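Worksheet: the structure to be examined is printed underneath.
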Amino acid sequence: MRPFGYERATDPQAATALVADSTEAVYLAGGTNLVDLMKLGVTEPALLVDITRLPYDTVEHRPDGGVLIGALVPGSRLAGDPGVRERFPALAEALLSGASGQLRTVATTGGNLLQRTRCVYFQDVTKPCNKRRPETGCSAVQGLHRDLAVLGTSDFCVASHPSDMAVAMAALDAVVHLRRVDGSSRAVPLNDFYLLPGDTPHRETVLQPGDLITGVELPPPPEGAAMSYRKVRDRWSYAFALVSVAAVVATGADGTLREIRLGLGGVGTRPWRAREAERLLTGRQPTEERLREAARAEFASARPLPQNAFKIDLAVDVITAAVRGLVGGEPR
């Protein structure tokens, strides 16, 4: 392992200044992903800036029904928060479906948003990977890609985003709060926070040097909405999604979908908001045929590879089941 320095930040200004002053400095919170990557040699920071003592570890429920989640709130506490479980059950379900109980007590909300792909070629420093080392090639395209993305991919990268939490937050219209190096703040909708790989897959988010995630805000859910998170994986626990769906559904008195939001995981290079499927379903009766047609339309631009083409049919099934479960078409 490459030797590295360690600094414990005492205030946000000191933290952002330390990271902005060096291209080889990174923030350290729970470290559940960062430390793994350091052990593998995927990332070799010269300086770790410990931010665990900064004042971003609270869950603040707003009078309007929204919530502001501090970036340092661990997954276990967020999943167990009574207000979150009551008003945002899809988020609690997503958190509980990810990692292990031990990891959830350490992994933070901000770190969850920034976790890196589990593509085997990204994690293997002996193999070419444009995300790890730009312009070296994508080994996954001709190699193992069963678990990787079919939406948002490019010739340079087909890696899938691993987060469960971020998929639920995408469906909940989350907004990421940032602190800039100059002390100013910035709010970025989660669905604008992540970048598509294009020809620069090493650039994953809109973060600029020194930017610090301070929290994530969820607006009030739609009135009368039901929501859930469904995850299909190779084993029941401690496995990343092949396909996951966060569904938020509000129906009108006539049974039509007054509002529907769908976040998809396992299929995209970022947490994927299914805008086309939502457009086709809003204001319509959620029949199984219509749900399947809308779900399949979302994948019109997909670029499946031989080993992961099955994800499209699987996603259509999971989207249909998730929505029908919420509108009474079948038991949840």
Side-chain angles (χ1 to χ4, degrees), residues 1-6 19-49 98-99 103 107-108 110-167 193-213 239-242 265-272 303-308 311:
M1 181 180 289
R2 174 187 177 186
F4 58 88
Y6 171 87
V19 172
D21 286 346
S22 172
T23 58
E24 296 186 288
V26 297
Y27 295 118
L28 171 68
T32 56
N33 186 209
L34 174 62
V35 174
D36 282 346
L37 295 179
M38 291 174 65
K39 291 178 178 179
L40 293 170
V42 174
T43 184
E44 296 181 313
L47 175 65
L48 300 183
V49 179
L103 286 174
T108 63
N112 193 319
L113 294 179
L114 296 178
Q115 63 179 302
R116 311 296 300 277
T117 182
R118 266 53 176 196
C119 173
V120 295
Y121 300 105
F122 173 72
Q123 295 185 321
D124 184 348
V125 295
T126 69
K127 300 295 191 298
C129 172
N130 289 318
K131 187 179 284 291
R132 175 170 29 81
R133 191 178 297 275
E135 300 182 6
T136 58
C138 177
S139 298
V141 172
Q142 299 298 327
L144 299 172
H145 48 254
R146 173 183 179 269
D147 297 335
L148 302 184
V150 298
L151 291 170
T153 62
S154 72
D155 293 338
F156 293 83
C157 185
V158 296
S160 53
H161 195 276
S163 176
D164 291 291
M165 181 197 78
V167 173
F193 180 73
Y194 295 102
L195 302 176
L196 293 175
D199 59 2
T200 56
H202 58 289
R203 295 187 63 241
E204 298 178 347
T205 71
V206 298
L207 292 176
Q208 298 297 313
D211 281 358
L212 176 65
I213 298 176
F240 294 99
L242 290 172
V267 295
T269 56
R270 63 184 183 187
W272 197 264
R303 293 165 39 118
L305 293 167
Q307 297 165 18
N308 66 9
K311 285 192 173 189

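Owing to the predicted nature of the structure, the values given are computational and were not obtained by experimental measurement.
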Show me the donor-acceptor pairs within less than 3.5 Å that the side chains of residues 128-135 make with the rest of the protein, sequence neighbours left out.
from: Asn130; atom 1: OD1; to: Glu135; atom 2: N; distance (Å): 3.2
from: Asn130; atom 1: OD1; to: Thr136; atom 2: N; distance (Å): 3.0
from: Asn130; atom 1: OD1; to: Gly137; atom 2: N; distance (Å): 2.7
from: Asn130; atom 1: ND2; to: Phe156; atom 2: O; distance (Å): 2.9
from: Lys131; atom 1: NZ; to: Pro201; atom 2: O; distance (Å): 3.1
from: Lys131; atom 1: NZ; to: Glu204; atom 2: OE2; distance (Å): 3.0
from: Arg132; atom 1: NE; to: Phe122; atom 2: O; distance (Å): 2.9
from: Arg132; atom 1: NH1; to: Lys127; atom 2: O; distance (Å): 3.4
from: Arg132; atom 1: NH2; to: Tyr121; atom 2: O; distance (Å): 2.8
from: Arg132; atom 1: NH2; to: Asp124; atom 2: O; distance (Å): 2.7
from: Arg132; atom 1: NH2; to: Lys127; atom 2: O; distance (Å): 2.5

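- Contact check for Leu242 versus Asp147: side-chain heavy atoms found under the 4.5 Å cut-off.
- Closest approach of Ala140 and Cys119 over heavy atoms only: CB-SG, 4.2 Å.
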Apply side-chain contact (heavy atoms from CB on, under 4.5 Å) to Leu207 and Phe193, showing your working.
CA-CA 8 Å; Leu207 292 176; Phe193 180 73; 3.9 Å; yes

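- Interatomic distance, Thr205 OG1 to Leu113 CG, rounded to the nearest 0.5 Å: 10.0 Å.
- Taking CG from Leu47 and OG1 from Thr23, the interatomic distance works out to 11.0 Å, rounded to the nearest 0.5 Å.
- In this structure, Ser154 contributes its side chain and Pro197 its backbone to no donor-acceptor pair below 3.5 Å.
- Judged by distance alone, the side chain of Thr117 and the main-chain N or O of Ser160 form a donor-acceptor pair under 3.5 Å.
- The two residues Val26 and Val19 make their nearest non-hydrogen contact at C-CG2, 4.2 Å.
- Thr43 OG1 to Met38 CE: the interatomic distance, rounded to the nearest 0.5 Å, is 7.5 Å.
- What you find for Leu148 and Lys311 is that their closest heavy atoms are O-NZ, 3.0 Å.
- Arg116 places no side-chain N or O within 3.5 Å of a backbone atom of Leu114 that could act as its donor or acceptor partner.
- Note that CD of Gln115 is 10.0 Å distant from OG1 of Thr108, once rounded to the nearest 0.5 Å.
- Scored by the ring pair (Phe, Tyr, Trp, His ring centres under 6.0 Å) test, His145 finds no partners at all (sequence neighbours excluded).
- Counting heavy atoms from C-beta outward, Tyr6 and Leu28 have side chains that approach closer than 4.5 Å.
- Distance check: Thr153 OG1 to Leu151 CG gives 8.0 Å after rounding to the nearest 0.5 Å.
- Panel note: side chain Gln307, backbone Gly143; a donor-acceptor pair is recorded below 3.5 Å.
- Taking each heavy atom of Pro162 and Arg118 in turn, the nearest pair found is CG-NH1, 3.6 Å.
- Within the 4.5 Å cutoff, no side-chain heavy atoms of Arg270 are placed close to those of Leu195.
- Within the structure, every pair that satisfies the salt bridge (charged side-chain N to carboxylate O under 4.0 Å, His left out) test and touches residues 154-166, not counting sequence neighbours, is listed here: Asp155-Arg303, Asp164-Lys231.
- Remark: side-chain polar atoms of Asn112 are not paired, donor with acceptor, to backbone N or O of Ala107 under 3.5 angstrom.
- Looking only at side-chain heavy atoms (C-beta outward), Leu196 and Thr269 come within less than 4.5 Å of each other.
- Nearest heavy atom pair, residue Pro304 against residue Val150, reads CA-CG1, 3.9 Å.
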